[in-house]
Each structure stands twice: as structure tokens, then as C-alpha cells.
K.L.:
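Below you will find the structure I want to go over with you.
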Amino acid sequence: MEFPQQQKPAGDGKIVYPPGVKEITDKISNDEVVKRLKMVVKTYMDMDQDSEEEKQQYLGLALHLASEFFLRNPNKDVRLLVACCLADIFRIYAPEAPYTSHDKLKDIFLFITRQLKGLEDTKSPQFNRYFYLLENLAWVKSYNICFELEDCNEIFIQLFKTLFSVINNSHNQKVQMHMMDLMSSIIMEGDGVTQELLDTILINLIPAHKNLNKQAYDLAKTLLKRTVQTIETCIANFFNQVLVMGKSSVSDLSEHVFDLIQELFAIDPMLLTSVMPQLEFKLKSNDGEERLAVVRLLAKLFGAKDSELASQNRPLWQCFLGRFNDIHVPVRLECVKFASHCLMNHPDLARDLTEYLKVRSHDPEEAIRHDVIVTIINAGKKDLNLVNDQLLGFVRERTLDKRWRVRKEAMMGLAQLYKKYCLHHEAGKESAAKISWIKDKLLHIYYQNSIDDKLLVEKIFAQYMVPHSLDTEEKMKCLYYLYACLDTNAVKALNEMWKCQNMLRGLVKELLDLHKLPVSEANNTAMFGKLMSIAKNLPDAGKAQDFMKKFNQVLGEDEKLRVQLEMLISPTCSCKQAEICVREITRKLTFPKQPTNPFLEMVKFLLERIAPVHIDSEAISALVKLLNKSIEGTADDDEEGVTPDTAIRSGLELLKVLSFTHPTAFHSAETYESLLQCLKMEDDKVAEAAIQIFRNTGQKIETELQQIRSTLIPILHQKAKRGTPHQAKQAVHCIHAIFNNKEVQLAQIFEPLSRSLNADVPEQLITPLVSLGHISMLAPDQFASPMKSIVANFIVKDLLMNDRTVGNKNGKLWTTDEEVSPEVLAKVQAIKLLVRWLLGMKNNQSKSANSTLRLLSAMLVSEGDLTEQKKISKSDMSRLRLAAGGAIMKLAQEPCYHDIITPEQFQLCGLVINDECYQVRQIFAQKLHLALVKLLLPLEYLAVFALCAKDPVKERRAHARQCLLKNISVRREYIKQNPLAQEKLVSLLPEYVVPYMIHLLAHDPDFTKPHEYEQLKDIKECLWFMLEVLMTKNENNSHAFLRKMVENIKQTKDAQCPDDAKANEKLYIVCDVALFVIANKSTACHLDSPKDPVLPSKFFIVQDKDFKNDKDYLSADMRQMLLTGKPKPAPVLGAVNKPLTVPGRRIFTKTTTASDTASNTSTNSSPLSSSSSSESRAQENNENPVIKNNELKKDDSSQNMTPDAGTEATPVKRRGRPPKTAAAPAEKEGAAAPTSGGAGRGRKRAADSNTSAESINIKMSKQQQQNDEGTKRQIDLQRKREPEEETGRAVGTDALLLGSQGNTEIELESSPEDVICGRKDGETSCAARCSTCSQGNTTSARRGVPPGRRAGSELI
């Protein structure tokens, strides 16, 4: 090998070697070269920059070491030593290098860079030399010489790549420091960083590389931090070209820009000072996927633990929040997921997020609504203070979502929060109080229609509210105080839950009993019925039926399984035994090779519902001990947030409920001793509950607990004689239920009470009358003779037919129980005694029932003043009317008495629902509903609800409509579930209420002028009130059936007065109005009827076949007026814009109140006219009513709707009807108005007929004005509709979203038996889907919006 031409040093040009070093040429061996080079290295190491003589002396050697022989030597030791020499040469000759050729310099530095790869192996013998090389280069900053070279970038890129590739976890801090110094000096002292060099740094931040070499990532991270001021401009330029200009070709890292931004932000936000505005631009991109990528990035940046980006860059934060409303679903979903981390890491941003989460909680996408809940709950579980009340309110709303997945997540989330903060008190009492509403809310959901909701509430109760895994004492303490803190509706729900579980246990027991009988067709049919009933209580009814059939088959084949199931539902089964039984049954039905077993899952649902996981004898004993502590004052009542009195009362109520479902668990002397102590307490409610518990559970007291028996009997006698009316009732029933010698016991009560009756002391009459009434009902034969004498001589003649005292003439129609005179209270109990006496006899052989019905009818005809001496006050008369109407209704529940109730008496009873007193109407309607929904009353009484269309109070109409819906659904469901019901369709099918309704309306006392428009409009409203509910669906061509039924009625005569032409004409007119309504509602009513309707002979007389009534009793003008509310056809424009509707209410003058400012469109308004009216309860009573607490327990909502007592309002001249003229002065209230056709019917008639023409003209002008305004409003609505529909659509790149379509179910927050609106402040919706909750909502289901939905971003 020939040496290249060397640059000769000044002098003789000969290469001078250090002393002792011979010439280094290619003629010697590698080992010798290495040996000589080591000595050269030592020489250069010892030299410094001040050694000018030596520098000049060894200049030739320096040039020689840069020759190709050394730079391309194959021996790595030679190369390493040469590199060390060259590094020292650059140190010694600094700042000027001895090499002047740019190419030579480039070769030298590339050579040195290649040698740095030796740093990788720290265990190498030569590592120290490699470290020396690195240290020397870093200290001298030798690479800075390269800035003078044109292609220095190649050298730097190679250097950076080498250093990032060799660094590893075996390097100490010094190695990393020297690398850092070397690279940072190049960046900071150069003119800029090229894109290629920047890429060599940034590539180490990409997740894939980061995971491969963590030390390279740390080195890059430290380098960027150190050079932030210099490199930030280069980084900004890179992102600008990629993000804004779209030049992805500028770098291979373009596809990783968002990952890089995230890493750079984590390293130092200053690196992205100029990049963040570019992201704001990207957030508004038209490409949904691009927006999604930016949102994902920013979510990480804003949500990072110590990030201050939101406060430092508010415009970007606001722009990001706007993406919560993005039209692209994945973008909205990503935003919602981000909110969880943000709430946990940045509580200060919760206020900004709340409004956006509110909108997303109503998002049309189920997944987004679901994730909103997850977001809020996760934050709440970490720290309850992270979520405000508004955020928790969103979760509360979603418990009513249309989708089961969303409802389930919301319910489970709230349950977890409740268990953590209320049960375990992990954050103190303040946090527990903040979410104390959760327990009530979760239990309210039990009244949802879905069985899935019910099952989940039961699961939540057993696992989160009262965890069954706790020991008995802790578990019962939890239940005891939970029950005391629940609101009224939640208590009802919990009671209903236990009732349903007990009912299901009964069904399973009946099924097992059938298995013990011989196989037969009848047995199989009965078994099938039980299985269908059980399946109804399980999710997915279709699959549940199939699985229950399979389960029944397994039960038939496996006797051990039956034994386990019998033990599980046994009254004596303990909670521990129940767990063992469930485990054994599950084990027997498990198939190991089957990963998913839907059959087993369904059986588990059944077992969870019937297993007694909370209540057994031990649990009842623990509850009684807690009750005793509360009585003694040693309990933790105050600490648990309840007063001792509340704890005692609610504890007794809890025990009373459990005595119905688990009576066997009470049978112990200790339990009964505690209950005896309760009987002696002054609190009447406590004593009453204790007696009822004895009644439900004491069947074995007489035979097994003689000491309890001997103590109990005198107490019961005392309560029956001198206790409160409720205590007396329970005491009599208790004696009858638990003692064998009940005849003797009852006689010992009956005889002294019957002798002590004295009408002159009415205060002492009430309890004896209650006791005597119940005794006569329970033992009718034993006391038949003395009771008949008491009824004839005392009850009727002495008490009911005499008015001994003069009532309070304050003009009020209703007063509180305390203000009712004792005499009237005694008369009310006397009426109830008559009913109980008759219900006990159950026959009319003595004609006593006829006499009683005549007495009750007279009471109604005289409006409560039977003697007509005008001694009795108006409020007392209201009480007596209510009692008389209720009595007839109670007697109608007994078949033998129903048959003798005449149509006139039925009508009198029904007209109570239109009483002038608000409370009378309210309580009577509730009693009517409860009897009908239990199928106790005949179908004809359902027709009474049609009269509620005339009620001037919107809430009462809404309540009546819900009662109709409930009753009709119950009857239809009963027909479906009971095959034998097909034989009794006439008494069960809801459509058969129409004949009774038509007959009732034809005899309405207000229907005196059958050809007058106002009266016909009333009839039409009443008909539509019922028909609207009946005609919701056209099942089995029911519309044609209804039409056929009405047409058939028109071919009969009125059985009540068959020879009265006017009465028959009114009947036919009502039929024509009904046909008119049906025809306008349905297009299918003219089809052939599937069956020929059967008409009740008690109300209609079928005519000869030759009789044909084809007369049209409604003129064309009258039809037009009924259709439109106007005598002439509407203008073309009005006709186009007006929906075809029936008038909501007749127009009448009113006194405006605060509640009247809302829209009065009612869900029961008819679709045949567009006129509507305002309503005011101020025209109801002469005073604001007060509810009678012991006759009807209203919920908070209804109470709020009732005016406060003591406030005078505009008087009403007739009961239960909107007045057609201006209200008369208060002083004229007592004047009775003469009427025709309905005299003596027990209802007040219309106002005086001499109403001034001026008031009539005022009314007509107001009506015309309202109609005109209604037309104008509808035209305006048509104009506004289009822009309203545009609301929420994506506009430009902002992609603003839609209104919410997150569907929400209606919640049932009161018992199904209490169909009154149960909504409370803050609730999403009402208990029974009533229209009361949407008083401001003018859009009804019949006008295109499904029931239970709202517009815009509210609940849908």
C-alpha cells in the first residue's frame, strides 16, 4: 500500500515520531502498529495547547494519522487508537485544525463517528478508550469544526444516529452527560436544525421506538429540554408544513405528528408554543377522521395530570369543547371519554364540562349517553367532590333512558356511589348527605314497566343498599335505618318489591304442589298456567317461557332438585340455608362443557327473586331488638339521622310489612313481648301497627304461647272498645284471626258496645260503630238479630235521620278531619257500618239492601243533608256525599247487591265524580280506580270516568285518564293470561264499557237540551275521553266492533224509561255523537265487525226485528260545529294549517292564577276540533281545599297542586262542571238553580238563567278572539317549523350537533294503585305517565310526538 502525499510540515518535511516510537507503516504487523500507536496516543494525551514547539514538531505525524491507511484500517483497535489521536489533535490544535481539506475533515469526522459505536459494549476491554474518545470530543466540541463544511449535516445525522443507537441501560450518567453535551452543542451553536437531523431526534419519541430503547427516549427528551429555545422554531416549522400546508413528504415522521405532539408536550410545553394554534385549525377540519385524531391528541394534552394547557390556551380549550357537539359520532364519543380523566385530574374544569356533558347525556347515540354515565360515575367513585350535583343529576335522568344498557349503567353507578359514601361512609356525613337521594331514586325505578328494571332494583337492594353478605345484626341495622329515611314512594316501592317476591314464591310453591299430584290433563293445564305466570316475572318473556318449561321438566325428573327448591321457599328457610340451596340447584343445572348457559342464567334470575336473602327468624329478632333500643332511647337514632319517634314508627311499619310476607319468622316469645310493649305506647300509629302484626302472625299464639295470649286479649278488648277507629278495626280482625273462641271474644265486645250507643254523645260513638261494623261483617250469623235492631232503631232512625247540632256556616266545601263535627264523623261511620253489615250477610232476603240503597240515594239527592233542615254545614255535607257514593260503590262489589242496584242509583253514584267539592271528586275517583283495577267492581263503573272530561281541573282529568289506561291494560292482560276469561268477555272486555257510558251520558242531568251545541260538545268530550283510550290500537278490528255496538244501541230503547220519547231521543243523539267521533278518529271503523256485540238488558230493551232507526239526529251544521267549533267552514289557509282535533275544554271565564300561565293543552283533548280553553281551579270550591289524609295519601306533587286552605276563590254555581257564564257573587252560592230533566239528582245545576246579555256577549267575543288567535298561532308555527327543524344540524366545519334524541322512559314513582302524579321537584318525569308533568307542553302524542318525549335537548 502506498501512502498518499502528505502535507509537509515546515522544516525538512520528515515525520517526527515521539521518542521510542518507530515509524508506523503498512510493512509491520497489526500488533506492532497497535503497540506503536499506543505510545503515540500517550504522547498526544500529555500534550496541551500551549506546547507550540511540540505542536509544530508533530504536525507531520498528525497529517500522517489522517491518511487512508489509518482511516480505512480493518483492525478496530488500530482505528480506535487513531480516533483517540485525532481527537487529541483537534484538542491540541484548537481552534484551528491541522487539516485544511474539507473532504479530509469530512472523512475524519465520519471515521471518528463510526468509532463511537464501540460505546455500546460497556464490558469491552477497550471501553475506557471509547469513553475517553467521547469525553474528549464533548469537552473540546470538536464537531463544531464541521459547521464550516457544506455537507456537515451528513456528519451530524450520522453522529446523532450513532449515539441514539449505542446508548443503553448499562451506561452511567457520565456517558449520557457527554453525549448530551456533544449533541446539544451542535444544535445550539449551529445555524439551525435541518429536518433530517430533527427526524433523528424525534424518531426516538415515537411509541414503537420508545418501547424498544427507553434510554434513547430519555436522551432525546433531555436533549430537547436543554435546547428548547433553539429547536422550537424548527419543530414549529415541521408541524406547520405537515398540519397546515399538508406536506406529508417533508418527513418520514409525518404520519406520527400527533404522537410526537403528545410526547413533546409532556417533555416541555414550550416546544409547542407555535404549534397549538395549528391544532385549533385542525379541530375545524372537514375530515371527520382528522378531527377525531386531533381530539384524541388534545384529550391527552388537556387531561394530563399536571397539564395547564386549558388555562394557558383558552381559545384552544373552548374550540376543543365545541367538539362535544361534533356531528361525527366517534368525535363526540372521544370527548366524553376524555371528560373522565379531566374531571379526575382537573376538578377546576368541571364547570366548563358540565354544560357539554348535559347535552351529551341526551345524545341520540346510545354509546355516548352510556359513556357520559361512566365518565361521571368513575370520577365520583374516585372522589365525590369531583362531580357536582348537576353532573349527578344527568346520571339520575339516565335511569329513565329508553335503552336498557344506559339505564342499567346509570342505576349501577348510583348504587356503587351509595354503597361507598352512604353505607361505608368513606367520605364523611357531608358526602353521604349530598347523595342521600340515591336510595329513593333507585327504589322509585321499581315502578317502571320493564321487568329488567325491577330485577336490577332487587339486585341493587340486595347487594348495595342492604348487602346480604353482612352479618345479620349489621344487615338489619342497615335495613332498619334505611326504611326510616326513605320517602313515601320509595317505601311503597320497597313494600311492592317484597310483595312481588312473596307472590313469586307462592307461584313456585303451587307449582311444586302440582308435581305431587297424579299426572292428568287438568294438572298439566294448571301447571302450564303457573309456568306462564312465573315467566312473566322474568326477563325476556318469550325465552323465559321456554326455559321455565324446561326447568319444570327437570323438576319432574329430579326429586332432589324439588326437595332443594321446596326448602328454599319454605317459610322456615333461613338466609344461610337459602344460599346453600341456591348453590346446590345451580350446581345441578351447570354443564361444564357449555361456556354460556342461558337456561341456567334464567333459573338464577328466578332463584334470586325467591331466595330469602334478608329476612328470617334471626333477622326479625334483630329488628325487634333495634326497635326496643329505640323505645328505650339507647339506639343510635340521632347518629343515623332520624329521630327516635320516626325510628319507632318506621320500624313498626317495616315489621308490619314483613309480617305479610314472612309471618312465620315472627313466631317467638321475645318478638311478641316487644310488640306488647308497643301496644302500650301512646303513639296511636305504633299501637295500630303492632295489632296488625299480631293479626298477620299470631295464628299459633293460642296453642303455643299462653302467656302472650293472656296478656294480649284484654289489650285487644280495650282497643276495640276505646281505641282509635283504626285500632278498633285491627283489634276485631286480630281476635277473629288468631283465637279459636272468637265467638265468645267478639260477643264480649259486642254486647257492652251495643248497650252503650248514645247518639247524644257522638264523640264516643265512632270507635263503637267501627267495632260493631267489623264484628257484624266477620260474624254475620252470630249477631244477625241484634244488628238488625241496632240498624233499624239506632243507626237509621236515631243517628242518620236526625241533625242534633248546627254546623259551621263558613261556606267552605271541605275542611280538615279535625274540623269535621263529631256528629258527621259518627254518621260517616254509621254509613260504613250499614255496608259492612250487608257485606257480612251477602244476601238480600230481608230486603235490607234495598232499604239501604234507597237511604244512600236519598243522601245523594239531598246533597248530604238527609233531613233537609239546613243545619248541616257545606263541608259536612261533602263528607256525607262522599260516604254515600263510596257505600254504593262498595255494595256494588258484591254480586248479590250489584244486581239490585237500579240504573238511577248507579247514575247517582257515578255523578259523585262530578261533585262540586274538589276533594270529594279526588277521593271518590281514587276509590273507584282501586276497586276497578282489582276487578272488584263491574265493568259499568268504568264508564263513570267518562264524566271526568267535564272536570275543570286539569290534574283531575289527567288522573282520570291514567286510571282509564291502567284499568284497560289490566283487563286486556287478564283476558290474555286467563283462557277461561273468554267466556266472560261481556264483563271483562274494555270495549263493552261503551254501552254503559252512552246510557250514563244520555241521563246526565246537564243534558237537558239535546239539540244545543254547548251541551252536545260536552257529550262529545266525555265520549272522546273514553274512546281515545279505547281506540289507541285497532286490535282485532275493535274500531268496527265499537261502531257496530253503537249502531245496535240505536236500534234499542232505554230500559230505564222505555216509553219516554224524549229520553230515547237523547239516547239516540248520544249514539250519533259517538258514531261521529268514531268515524272521525278511525278509517277502519266501517269494516265488518268480527263479532256481534251483546248489550246489557238492564239498560237497553231490544226492539222487534221490524224496528229500524235510521234517522240522523245530528244536522250537517251541527256536525260541522262539532268538528271545527265554528258554525261555518274554516278559511282555506286555516283548514290547511289546523290539525283535525276535538275541542280540549269549553271556554269559560276564569280568575287567572299563577298556575294558569302554562299551556292548558291536555292529553285527553279530542282530535276533532282545535278550540281549547283555559282552566282554573279557582272556580272549584269557595275555599281552597284541604286533603283528608286518612282517606287518600296524595304525593307531594298533587298536594302542591291543591290550593292552600283558607284562601277564598271565585264561587262555582254548579259542582264539577266549568261554568258557562261569569261566576256569581259569593253571597249567592247557596241559591239553588232550577233545572229541568234532572231534578233531585244530587248535583247542583247551572248558574241562574237570568245572566245578562252583556256577559254572554263578552264570552262570545272572547271565544271568537281565542279561535282567531289559535289560527294565527298555527300559521306562525308552520312558518317557524322549517328553521326549527334545522336546529342542531352541522354547519360548515364547526359541525354543530343536533338536539338530543336520548330517549327517556317515564318513571313510576308511586304505587301502581296510586295513579296520581308522583313527580317531585327535580324529577325527570312522573310516576304514572300522566299529562300533569307536561303542563307547559302543547304538543301531544296525537300530533306526531310519541308519549313521554320532549323536543330539543331535553328528555325524549
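Note that the structure is predicted; figures quoted are calculated from it, not measured.
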K.L.:
Without swapping roles, check the side chain of Thr162 against the backbone of Gln158 for a donor-acceptor pair under 3.5 Å.
P.N.:
yes
K.L.:
Check the surroundings of atom CZ in Arg314: do more than 12 heavy atoms from other residues, nucleotides or ligands lie under 6.0 Å from it?
P.N.:
yes
K.L.:
Is the number of heavy atoms from other residues, nucleotides or ligands within 6.0 Å of NZ (Lys141) greater than 12?
P.N.:
no
K.L.:
Could Asp181 and Lys174 be called an ion pair, given the rule that one side-chain N must be under 4.0 Å from one carboxylate O?
P.N.:
no
K.L.:
Side chains of Asn325 and Arg360: is there a donor and an acceptor less than 3.5 Å apart?
P.N.:
yes
K.L.:
Please verify the inter-ring angle class for Phe160 with Phe164; under 30° counts as parallel, over 60° as perpendicular, anything in between as tilted.
P.N.:
perpendicular
K.L.:
Could you please spell out the steps behind the salt bridge (charged side-chain N to carboxylate O under 4.0 Å, His left out) verdict for Arg323 and Asp326?
P.N.:
CA-CA 5 Å; Arg323 291 309 95 214; Asp326 198 286; 2.6 Å; yes
K.L.:
So which of Thr375, Ile376, Val372 actually passes side chain to side chain contact (heavy atoms under 4.5 Å, CB included) with Leu391?
P.N.:
Ile376
K.L.:
Do Lys76 and Leu80 touch side chain to side chain, with heavy atoms closer than 4.5 Å?
P.N.:
no
K.L.:
Does Asn313 reach the main-chain N or O of Leu316 with its side chain, forming a donor-acceptor pair under 3.5 Å?
P.N.:
yes
K.L.:
Thinking salt bridges, do Glu409 and Arg405 make one under a 4.0 Å N-O criterion?
P.N.:
no
K.L.:
Are Glu365 and Arg332 close enough for a salt bridge, meaning some N to O gap below 4.0 Å?
P.N.:
no
K.L.:
Out of the candidates Phe131, Tyr132, Trp139, only one should pair with His178 under the ring pair (Phe, Tyr, Trp, His ring centres under 6.0 Å) rule; please name it.
P.N.:
Phe131
K.L.:
So, Gln176 and His171: side-chain donor and acceptor under 3.5 Å apart, yes or no?
P.N.:
no
K.L.:
Considering residues at least two apart in sequence or located in another chain, which fulfil the ring pair (Phe, Tyr, Trp, His ring centres under 6.0 Å) criterion with Tyr421?
P.N.:
none
K.L.:
For the backbone of Met47 and the side chain of Arg91, can you confirm whether one donor and one acceptor N or O come within less than 3.5 Å of each other?
P.N.:
yes
K.L.:
Under 6.0 Å between ring centres: does that hold for Phe147 and Phe156?
P.N.:
yes
K.L.:
Report the residues that fulfil salt bridge (Lys or Arg N to Asp or Glu O under 4.0 Å) with Asp199, sequence neighbours left out, ordered by chain and then residue number.
P.N.:
none
K.L.:
Taking atom types as modelled and ignoring hydrogens, do the side chains of Glu263 and Tyr217 form a donor-acceptor contact shorter than 3.5 angstrom?
P.N.:
yes
K.L.:
A side-chain contact here means heavy atoms from C-beta on lying under 4.5 Å apart; do Lys210 and Asn204 qualify?
P.N.:
no
K.L.:
For the residue pair Asp287 / Ser285, report whether a side-chain donor-acceptor contact shorter than 3.5 Å exists.
P.N.:
no
K.L.:
Between CG of Leu202 and CG of Asp259, what distance do you get to the nearest 0.5 Å?
P.N.:
12.0 Å
K.L.:
Taking side chain as C-beta onward, heavy atoms only, is Leu301 less than 4.5 Å from Phe320?
P.N.:
no
K.L.:
So, Asp88 versus Asn136: side-chain donor-acceptor pair below 3.5 Å or not?
P.N.:
yes
K.L.:
Hey, what do you get for CZ (Phe338) to CG (Asp371), rounding to the nearest 0.5 Å?
P.N.:
14.5 Å
K.L.:
Please check this pair: side chain of Asn240 against backbone of Ala236, looking for a donor-acceptor N/O pair closer than 3.5 Å.
P.N.:
no
K.L.:
Do other residues, nucleotides or ligands put more than 12 heavy atoms under 6.0 Å from the CE atom of Met270?
P.N.:
no
K.L.:
For the residue pair Asn144 / Glu189, report whether a side-chain donor-acceptor contact shorter than 3.5 Å exists.
P.N.:
yes
K.L.:
Salt-bridge test for Asp218 and Lys221: reply yes if a basic N is under 4.0 Å from a carboxylate O, no otherwise.
P.N.:
no
K.L.:
Rounded to the nearest 0.5 Å, how far apart are CG of Leu264 and CD1 of Ile235?
P.N.:
5.0 Å
K.L.:
Backbone N or O of Lys337 within a donor-acceptor pair of the Ser340 side chain at under 3.5 Å?
P.N.:
no
K.L.:
Using atom types as modelled and distance alone, determine if a side-chain donor or acceptor of Asn172 lies under 3.5 Å from a backbone N or O of Val175.
P.N.:
yes
K.L.:
Please step through ring pair (Phe, Tyr, Trp, His ring centres under 6.0 Å) for the pair Phe90 and Tyr143, ending with a clear verdict.
P.N.:
CA-CA 9 Å; Phe90 282 120; Tyr143 274 86; 8.7 Å; no
K.L.:
Could you measure the distance from the CG atom of Leu205 to the NE2 atom of His256? Nearest 0.5 Å is fine.
P.N.:
11.5 Å
K.L.:
State yes or no: are the ring centers of His346 and Phe302 separated by less than 6.0 Å?
P.N.:
no
K.L.:
Is the closest side-chain heavy-atom distance between Leu110 and Glu154 below 4.5 Å?
P.N.:
yes
